[in-house]
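Here the structure comes first, spelled out in structure tokens, and everything after it is commentary.
In what follows, chains carry the letters A, B, and so on, assigned in the order in which the sequence lines appear, proteins first and then strands, with residues in each chain numbered from 1. Keep in mind it's a predicted model, so treat the numbers as computed, not measured.
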2 protein chains.
Amino acid sequence: MSGIEPDIEAFRAAALRCPLPEAIELIGEKWAFLILRGALNGLQHFEQFQAGLGIARNILSDRLSKMVDGGILARASDPADGRKKIYSLTDKGEALLPVVVALRQWGEEWCHGPSDIQLADQQTGKPVKTLRLRAEDGRELALSDLMWIDRRTGATLRRHQASDAKL
Amino acid sequence: MSGIEPDIEAFRAAALRCPLPEAIELIGEKWAFLILRGALNGLQHFEQFQAGLGIARNILSDRLSKMVDGGILARASDPADGRKKIYSLTDKGEALLPVVVALRQWGEEWCHGPSDIQLADQQTGKPVKTLRLRAEDGRELALSDLMWIDRRTGATLRRHQASDAKL
DNA sequence: CAGATAGATTTCAATACGCAACTATTCTTT
DNA sequence: AAAGAATAGTTGCGTATTGAAATCTATCTG
């Protein structure tokens with residue numbers, strides 16, 4: 001009774017301590033993500049983002065501000081031209097590279113088909129490795145190989161564990 | 001003249017053939033991403049998602065349909081209970097695991113601080129490896145180590161290459 | 001048969017989006 | 001120095017999306 005099943009409770013409790021929602025606030029939105037992609041590709045100025053992404057100016061302005069507030073981008077005046085502002089990735093923003101590349105690789109494999117433009121290592125010219133989840137020892141891990149572990153209590157939770165246990 | 005700088009043109013050309021926008025349509029949205037996380041954590045039913053995420057029912061309904069249409073989730077009737085529908089991840093959906101984990105790891109490192117709940121390998125109980133971009137030979141790659149390569153023409157493009165070349 | 005449950009759909013107010021026009025600085029050209 | 005162009009925004013306004021609550025239908029349980 002009183003409704004909520006144990007796995008939902010377990011999940012919600014975990015979700016509250018999960019860093020994902022905060023991350024999603026910052027870049028879990030179409031334009032923010034495309035701005036990030038642009039920045040990773042070297043775009044730096046308002047007009048570049050605007051023309052490059054085809055985004056409305058007010059929306060762009062809003063997203064850039066939020067991303068600056070969120071610490072992903074830094075806004076600076078161009079010393080060489082007082083009209084220009086330079087938007088550059090912070091370390092925090094650059095650290096999103098694996099997320100963007102992982103999504104790109106997924107899109108390539110499951111939506112788009114191999115793109116003729118590929119991300120490659122400058123040194124060798126060879127394509128970057130496909131990102132995969134791995135164990136500490138390097139074994140590749142699938143969803144079914146995973147569990148949650150609570151470092152304080154030591155409690156563990158497998159994917160469907162709780163849904164059977166009516167506890 | 002006529003406005004657009006060469007690096008924006010290069011960016012736009014590349015963007016047109018980029019698989020990211022399509023991927024972003026499907027999961028580049030707060031709720032879609034949270035539903036995906038829920039599904040990866042074993043949520044299967046409408047009411048579980050609703051209660052677990054605190055999402056409005058109409059929005060949930062809309063997103064679930066779009067994710068089914070997009071091939072990320074499959075909707076099936078529960079043979080044991082005709083009222084229930086089972087939403088399960090397709091292979092395409094499961095393949096998003098690295099994206100979700102990468103974002104989670106980013107949030108943990110840059111937003112949230114270490115979470116007390118950690119994703120671990122069932123076999124060893126040890127936390128999963130942090131996802132990083134690597135070259136084919138295993139070297140870790142930073143943003144500045146990357147380039148774009150066009151497989152058809154063989155042309156290459158570095159991050160800021162075009163912004164100096166006023167071509 | 002009378003609830004209760006699961007998965008939605010409908011209604012409606014509030015918010016967010018997107019386009020176009022406008023503003024304010026700061027170069028650049030003449 | 002004045003006129004024009006470039007850069008980075010802001011404002012107004014119509015449209016689309018969201019979110020909360022109520023409603024609906026089919027199925028299951030007591």
Partners passing salt bridge (Lys or Arg N to Asp or Glu O under 4.0 Å) against A:Lys66 (at least two apart in sequence or in another chain): A:Asp62

Residues that A:Glu136 engages under side chain to side chain contact (heavy atoms under 4.5 Å, CB included), provided they are two or more places apart: B:Lys126

Atom CG of A:Leu64 and atom P of D:dT7: how far apart are they, to the nearest Å? 16 Å

Whole Å only: how far is the CZ atom of A:Phe46 from the C1' atom of C:dT25? 15 Å

Measure CD1/A:Ile86 against P/C:dT26 and give the value in whole Å, please. 16 Å

Please list, chain by chain and in numerical order, all residues satisfying salt bridge (Lys or Arg N to Asp or Glu O under 4.0 Å) with A:Arg139, sequence neighbours excluded. A:Asp137, B:Asp121

Output, in order, the C-alpha distance, side-chain angles, deciding distance and verdict of side-chain hydrogen bond (donor to acceptor under 3.5 Å, both in side chains) for A:Trp110 and B:Asp91. CA-CA 9 Å; A:Trp110 293 94; B:Asp91 289 344; over 6 Å; no

Does D:dG9 have its OP1 or OP2 closer than 4.0 Å to a side-chain nitrogen or oxygen of A:Ser61? no

Taking atom CZ of A:Arg63 and atom CD1 of A:Ile55, what is their separation to the nearest 0.5 Å? 6.5 Å

Between C:dA20 (P) and A:Leu60 (CG): distance, integer Å: 16 Å

Can you give me every donor-acceptor pair (side chain of residues 72-79 of chain B, partner residue at least two apart or in another chain, under 3.5 Å) with its distance?
| residue | atom | partner | partner atom | Å |
| --- | --- | --- | --- | --- |
| B:Arg75 | NH1 | B:Tyr87 | OH | 2.8 |
| B:Asp78 | OD1 | B:Ala80 | N | 2.8 |

Between D:dA6 atom C1' and A:Gln50 atom CD, what is the distance in whole Å? 14 Å

Partner set under side chain to side chain contact (heavy atoms under 4.5 Å, CB included) for A:Thr130, not counting sequence neighbours: A:Gln105, A:Arg132

Got a sec, which residues hit salt bridge (Lys or Arg N to Asp or Glu O under 4.0 Å) with B:Glu94, two or more places apart in sequence or on another chain? none

Does OP1 or OP2 of C:dG7 have a side-chain N or O of B:His45 closer than 4.0 Å? yes

What is the bend of the helix from C:dC1-D:dG30 to C:dT30-D:dA1 when you compare the axis at one end with the axis at the other, using five pairs each and rounding to 10°? 20°

Do nucleotides 13-30 of chain D as a string where each nucleotide becomes B, S or -: B if the base has a protein heavy atom under 4.0 Å, S if just the sugar-phosphate does, - if no protein is that close. -----SBB------BS--

Sorted by chain and number, sequence neighbours left out, salt bridge (Lys or Arg N to Asp or Glu O under 4.0 Å) with B:Glu22 holds for none

Length of the line joining B:Glu47:CD and C:dA4:P, which is rounded to integer Å: 16 Å

Just the rounded figure in Å: distance from C1' of C:dT9 to NZ of B:Lys85. 13 Å

A:Tyr87 side-chain N/O to D:dG9 phosphate OP1/OP2 under 4.0 Å: yes

